[in-house]
2 protein chains.
Amino acid sequence: MELVKMSNGVEWALHSCVTLSQSQEPVPAARLAELHGTPPAYTAKHLQALSRAGIVRSTAGQVGGYTLTRPAAAISVLDVVQAIDGGEPAYRCAEIRQRGPLGIPPEQCVRQCAIARTMAAAQQAWSHALAGVTVADLAEGIDEDSGGTAMADVRGWLLKTRG
Amino acid sequence: MELVKMSNGVEWALHSCVTLSQSQEPVPAARLAELHGTPPAYTAKHLQALSRAGIVRSTAGQVGGYTLTRPAAAISVLDVVQAIDGGEPAYRCAEIRQRGPLGIPPEQCVRQCAIARTMAAAQQAWSHALAGVTVADLAEGIDEDSGGTAMADVRGWLLKTRG
DNA sequence: GTCAAAGTACTCGGATAGCTCGTGTCCGAGTTGACGAGG
DNA sequence: CCTCGTCAACTCGGACACGAGCTATCCGAGTACTTTGAC
């Protein structure tokens with residue numbers, strides 16, 4: 001893969017975070033799924049992952065739902081991606097250099113091999129790019145693309161459907 | 001996932017390219033698999049992918065095998081990764097903004113959404129990092145890690161097992 | 001009118017099937033080099 | 001001795017099972033509001 005395909009739920013989770021950043025009150029998973037046109041149960045599953053990662057907080061009961069635990073400007077895209085797809089790096093070195101007739105004994109492998117170093121550097125560049133963008137940035141970008149109406153529409157829809 | 005896990009065959013393909021860069025004569029897939037301690041048939045499958053991408057050339061017959069089509073310094077790690085895992089980007093936008101009660105009509109979506117832009121930028125940073133490293137660089141790095149004996153050992157093993 | 005308690009409706013959370021894609025393997029088509037017979 | 005044809009061995013290439021992980025779903029546990037009855 002490129003980086004291999006990225007889990008599709010990442011997109012839903014990011015949209016959910018952007019939507020949650022527009023509401024001070026809890027929003028149920030079913031409401032988010034309806035707004036985004038995604039499967040309700042599956043959307044809920046990803047929100048659970050965000051909850052485990054400490055990005056959102058869940059509230060039970062009749063007026064329950066999900067809320068962000070911290071300001072949208074303090075939540076990076078990398079945080080969300082790692083919450084959904086796991087924090088382990090995409091490339092894992094199989095230590096080929098230790099195998100085969102020319103295998104190197106493990107005690108000589110104090111440093112990871114050149115291939116793993118290259119992959120790690122690339123992943124670091126990728127992570128750095130994602131860590132530099134916050135959910136607040138995404139909301140602002142989406143709003144500007146729509147001419148400044150998208151976020152207001154979301155807030156209005158959340159209020160309208162809350163009753 | 002991070003970027004989700006990367007295909008395991010990428011590592012084998014990179015090692016194979018490094019090994020091929022040390023031989024002017026064709027090296028069969030079975031020989032590469034033996035040197036790397038990897039499954040022969042599966043290794044061959046990835047070499048076929050490299051062949052389709054034009055990175056290696058296959059030669060049939062008794063003294064056949066695989067050879068690099070161009071100097072190792074002209075083959076980037078990105079080339080190999082794309083050959084194995086496909087050139088399509090890891091993140092594909094599902095166009096959530098067009099769905100749901102607040103869906104935006106497609107004719108207004110001339111530009112990809114902010115989330116897709118962020119992901120594309122991150123992927124570009126990743127690709128750039130991988131494009132800046134060549135197979136020749138990997139060979140040099142591996143050689144230095146071993147104290148300057150690894151590549152010579154590989155050349156010696158290839159000559160020894162050729163007969 | 002106030003309080004308390006039971007009931008109800010709504011929420012999340014984890015456990016459960018289906019399916020695509022990566023992993024691993026096999027056998028057939030094609031080609032090259034070697035060998036032997038003939039000139 | 002040289003040439004040509006046949007043979008055999010070795011190579012790649014694509015087609016075929018297996019398994020893990022993502023996709024999608026459901027139902028149970030828990031909580032807050034509501035309602036109802038008693039004081």
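Fair warning: this is a prediction, and the values are worked out from it, not measured in the lab. Chain letters run A, B, ... following the sequence lines, proteins first and then strands; every chain starts at 1.
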d([atom1], [X]; [atom2], [N]) in whole Å:
{"X": "A:N8", "N": "D:dA24", "atom1": "CG", "atom2": "P", "answer": "7 Å"}
{"X": "B:R57", "N": "D:dT11", "atom1": "CZ", "atom2": "C1'", "answer": "15 Å"}
{"X": "B:L20", "N": "D:dC12", "atom1": "CG", "atom2": "P", "answer": "11 Å"}
{"X": "B:Y66", "N": "D:dT11", "atom1": "OH", "atom2": "P", "answer": "11 Å"}
{"X": "A:L47", "N": "D:dA24", "atom1": "CG", "atom2": "P", "answer": "15 Å"}
{"X": "A:H46", "N": "C:dG14", "atom1": "NE2", "atom2": "C1'", "answer": "15 Å"}

May I ask you to evaluate whether [X] reaches the phosphate of [N], defined as a side-chain N or O under 4.0 Å from OP1 or OP2?
{"X": "B:S51", "N": "D:dC12", "answer": "no"}
{"X": "A:S58", "N": "C:dT11", "answer": "no"}
{"X": "B:Y42", "N": "C:dT25", "answer": "no"}

> Is it the case that B:T19 and B:H36 place a side-chain donor and acceptor less than 3.5 Å from each other?
Replying inline: yes
Review item, nucleotides 14-17 of chain D N/O atoms under 3.5 Å of protein N/O:
unit_1 : atom_1 : unit_2 : atom_2 : d
D:dG14 : OP2    : B:R52  : NH2    : 3.2
D:dG14 : N7     : B:Q48  : OE1    : 3.1

>> Run the side chain to side chain contact (heavy atoms under 4.5 Å, CB included) test against A:A33 and tell me which residues pass, sequence neighbours left out.
In response: A:T38, A:P40, A:T43
> With sequence neighbours left out, which residue pairs that include part of residues 32-42 of chain B fulfil the salt bridge (Lys or Arg N to Asp or Glu O under 4.0 Å) condition?
Replying inline: none
Side-chain donor/acceptor pairs under 3.5 Å, residues 102-116 of chain B, sequence neighbours excluded:
none

>> Quick test of your reading: applying side-chain hydrogen bond (donor to acceptor under 3.5 Å, both in side chains), list the pairs with at least one residue in residues 140-151 of chain B, sequence neighbours left out, ordered by first then second residue.
In response: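 side-chain hydrogen bond (donor to acceptor under 3.5 Å, both in side chains) check on residues 140-151 of chain B returns A:R117-B:D145.
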> So how far is it from A:S21 OG to A:I75 CD1, rounded to the nearest 0.5 Å?
Replying inline: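 So the gap between those two atoms works out to 8.5 Å.
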> Taking A:E95 as the fixed residue, which of A:Q98, A:R99, A:R92 is the one that meets the side-chain hydrogen bond (donor to acceptor under 3.5 Å, both in side chains) rule?
Replying inline: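 Of the listed residues A:Q98, A:R99, A:R92, the side-chain hydrogen bond (donor to acceptor under 3.5 Å, both in side chains) partner of A:E95 is A:Q98.
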>> Heavy-atom nearest nucleotide on DNA chain D for A:P40 versus B:V27: which residue maps closer to 5'?
In response: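 Nearer the 5' end of the strand: B:V27.
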Donor-acceptor pairs under 3.5 angstrom involving side-chain atoms of residues 8-17 of chain B: please list them, not counting sequence neighbours.
unit_1 : atom_1 : unit_2 : atom_2 : d
B:E11  : OE1    : A:A94  : N      : 2.9
B:E11  : OE2    : A:A94  : N      : 3.1
B:S16  : OG     : B:W12  : O      : 2.9

> Which parts of residues 92-102 of chain B get close to DNA chain C, meaning a heavy atom less than 4.0 angstrom away?
Replying inline: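 Listed by number, there are none.
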> Under 4.0 Å between a Lys/Arg side-chain N and an Asp/Glu carboxylate O for A:D153 and A:K160?
Replying inline: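 Salt bridge flag = no for A:K160 with A:D153.
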> Hey, does B:A29 reach any base, or is it just sugar-phosphate, or nothing, if we go heavy atoms under 4.0 Å?
Replying inline: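 Contact class for B:A29: sugar-phosphate only.
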Identify the pairs formed between an N or O of the protein and an N or O of nucleotides 30-34 of chain D at a distance under 3.5 Å, and give each distance.
unit_1 : atom_1 : unit_2 : atom_2 : d
D:dC33 : O4'    : A:Q62  : OE1    : 3.3

>> Is any side-chain heavy atom of B:L138 closer than 4.5 Å to one of A:T118?
In response: yes
> Is there a path of hydrophobic side-chain contacts, each under 4.5 Å between heavy atoms of I, L, V, M, F, W or Y residues, that connects B:V81 with B:I142?
Replying inline: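 Both belong to a single hydrophobic cluster.
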> What's the closest nucleotide to the B:W12 side chain, out of C:dG24, C:dT25, D:dC22?
Replying inline: C:dG24
> By side-chain hydrogen bond (donor to acceptor under 3.5 Å, both in side chains), which residues pair with A:R155, not counting sequence neighbours?
Replying inline: A:Q22
Side chains of residues 129-136 of chain B: which donor-acceptor pairs under 3.5 Å do they make with residues two or more places apart or in other chains?
unit_1 : atom_1 : unit_2 : atom_2 : d
B:T134 : OG1    : B:A136 : N      : 3.4
B:T134 : OG1    : B:D137 : N      : 3.1
B:T134 : OG1    : B:D137 : OD2    : 3.1

>> Angle between the end axes of the helix from C:dG1-D:dC39 to C:dG39-D:dC1, five pairs per end, to the nearest 10 degrees?
In response: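 The two end axes of the helix from C:dG1-D:dC39 to C:dG39-D:dC1 meet at 10°.
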Quiz: residues 48-65 of chain A side-chain donor-acceptor pairs under 3.5 angstrom, not counting sequence neighbours:
none

